[in-house]
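Reading through the structure tokens given below for one structure.
Computed from a predicted structure; not experimentally measured.
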Amino acid sequence: MNPYLIILTLFSAAFLSGLAVLFVKKDSSTFLKLVLSFSGAYLFGLTILHLIPHVYQHAGTNMETIGLYILGGFLFQLILEQFSQGVEHGHVHIDRSKIAPFPIAVLISLCLHGFLEGMPLVAKQQTQLVFGIAIHHIPAAFALGSLLLAAKVSRSTLLACIGLFAIMTPLGFLFSKAVSEHAIGNIAQHFDKMMAIVIGIFLHVSTTILFESGSPDHHTFNRKKMLAVLVGILLSLTTLLFGGHDHHHHDDGPSGKENKQEKQAEHLHTDEHIHQHDQQHSEEHEHQH
């Protein structure tokens with residue numbers, strides 16, 4: 001997928017959804033809940049079917065530690081939600097009468113969350129993952145806009161905050177792209193660890209969405225929600241069944257390049273060893289004569 005198209009898709013989905021709070025009635029939230037359920041299921045399916053196999057495939061000698069970083073990402077998102085108040089899930093876990101004049105903690109944590117979400121987009125499943133994150137950001141941006149309206153900030157401040165959130169995921173993508181291309185020192189060797197952390201974040205966000213969206217008590221699956229979840233899961237399955245991702249592209253990422261370089265070095269070392277052996281054998285043969 002073209003990098004410019006990735007940036008445009010991610011930014012426009014979040015920015016336009018955040019602006020929609022100025023034109024859409026607050027009570028018309030049924031459709032947003034269904035979109036949220038669909039995005040959670042789709043993101044969960046992509047994480048299980050694509051991201052986890054991908055990061056283990058490229059982990060190399062660090063395979064046994066990948067699970068620790070996934071768990072760390074899961075716990076990190078749990079801590080992050082103490083400041084974001086669940087905005088990334090499409091709703092806010094806070095009494096609107098107690099909202100601060102400007103929810104700076106929510107904005108910072110949500111921007112950090114968005115930045116981290118953009119990092120896995122350098123993987124092969126770009127199109128599917130971009131689509132999943134973009135849909136996930138629709139209710140999240142709408143919830144952020146609603147929170148800012150409840151805080152009674154000015155319209156210019158609201159636009160600036162929505163724009164800041166919308167640009168964070170593209171910035172995460174660009175940063176990760178630079179890392180994967182070895183443009184930032186030796187940090188590329190830690191790329192798989194960063195991917196594992198993001199996977200943990202995705203697991204927490206997607207599963208929380210599935211349990212909390214669509215019902216008053218947050219734990220009941222109604223028919224519409226079940227249908228939205230099934231569509232999301234089936235769509236993620238189609239990317240696997242119809243070759244949406246190939247887990248054998250070792251030459252694309254940092255690990256692939258390192259493996260290729262190691263194979264070349266090993267080949268050169270083998271050739272040198274054979275040459276030295278032949279030269280030594282020739283010298284011994286001449287000495288005997």
Nearest non-hydrogen partners of [X] and [Y], listed with the distance:
X: K225; Y: L34; result: N-CD2, 3.9 Å
X: I233; Y: F44; result: CD1-CD2, 4.4 Å
X: G40; Y: S206; result: O-CB, 3.3 Å

Going from [atom1] on [X] to [atom2] on [Y], what distance comes out if it is rounded to the nearest 0.5 angstrom?
X: I199; Y: Y69; atom1: CD1; atom2: OH; result: 13.5 Å
X: M168; Y: I108; atom1: CE; atom2: CD1; result: 10.5 Å
X: I66; Y: Q57; atom1: CD1; atom2: CD; result: 12.0 Å
X: C111; Y: L171; atom1: SG; atom2: CG; result: 9.5 Å
X: T157; Y: L164; atom1: OG1; atom2: CG; result: 12.0 Å
X: M119; Y: L116; atom1: CE; atom2: CG; result: 6.5 Å

Indicate if [X] and [Y] have the same hydrophobic cluster label, given that clusters are the connected sets of ILVMFWY residues with side-chain heavy-atom separations under 4.5 angstrom.
X: I138; Y: L159; answer: yes
X: L68; Y: I197; answer: no
X: L237; Y: L210; answer: yes
X: F142; Y: L22; answer: yes
X: F131; Y: L8; answer: no

Using atom types as modelled and distance alone, determine if a side-chain donor or acceptor of [X] lies under 3.5 Å from a backbone N or O of [Y].
X: S176; Y: F173; result: no
X: T169; Y: G114; result: yes
X: S17; Y: A14; result: no

Do the side chains of [Y] and [X] get nearer than 4.5 Å, heavy atoms only?
X: L107; Y: L148; answer: no
X: F202; Y: L51; answer: yes
X: L36; Y: S39; answer: yes

Practice item. Report the residue from T207, I70, I201, I52 that forms a side chain to side chain contact (heavy atoms under 4.5 Å, CB included) with T47. Key: I52
Check your understanding: Picking from L5, L121, I7, what satisfies side chain to side chain contact (heavy atoms under 4.5 Å, CB included) with V130?
Key -> L121
Practice item. Determine, using ring centers only, whether H204 and F76 are less than 6.0 Å apart. Key: no
**Study point:** F38 CZ: over 12 foreign heavy atoms closer than 6.0 Å
**Key:** yes
Exercise for review: Name the orientation class of the two ring planes belonging to H113 and H136 (parallel below 30°, tilted from 30 to 60°, perpendicular beyond 60°).
Suggested key: perpendicular
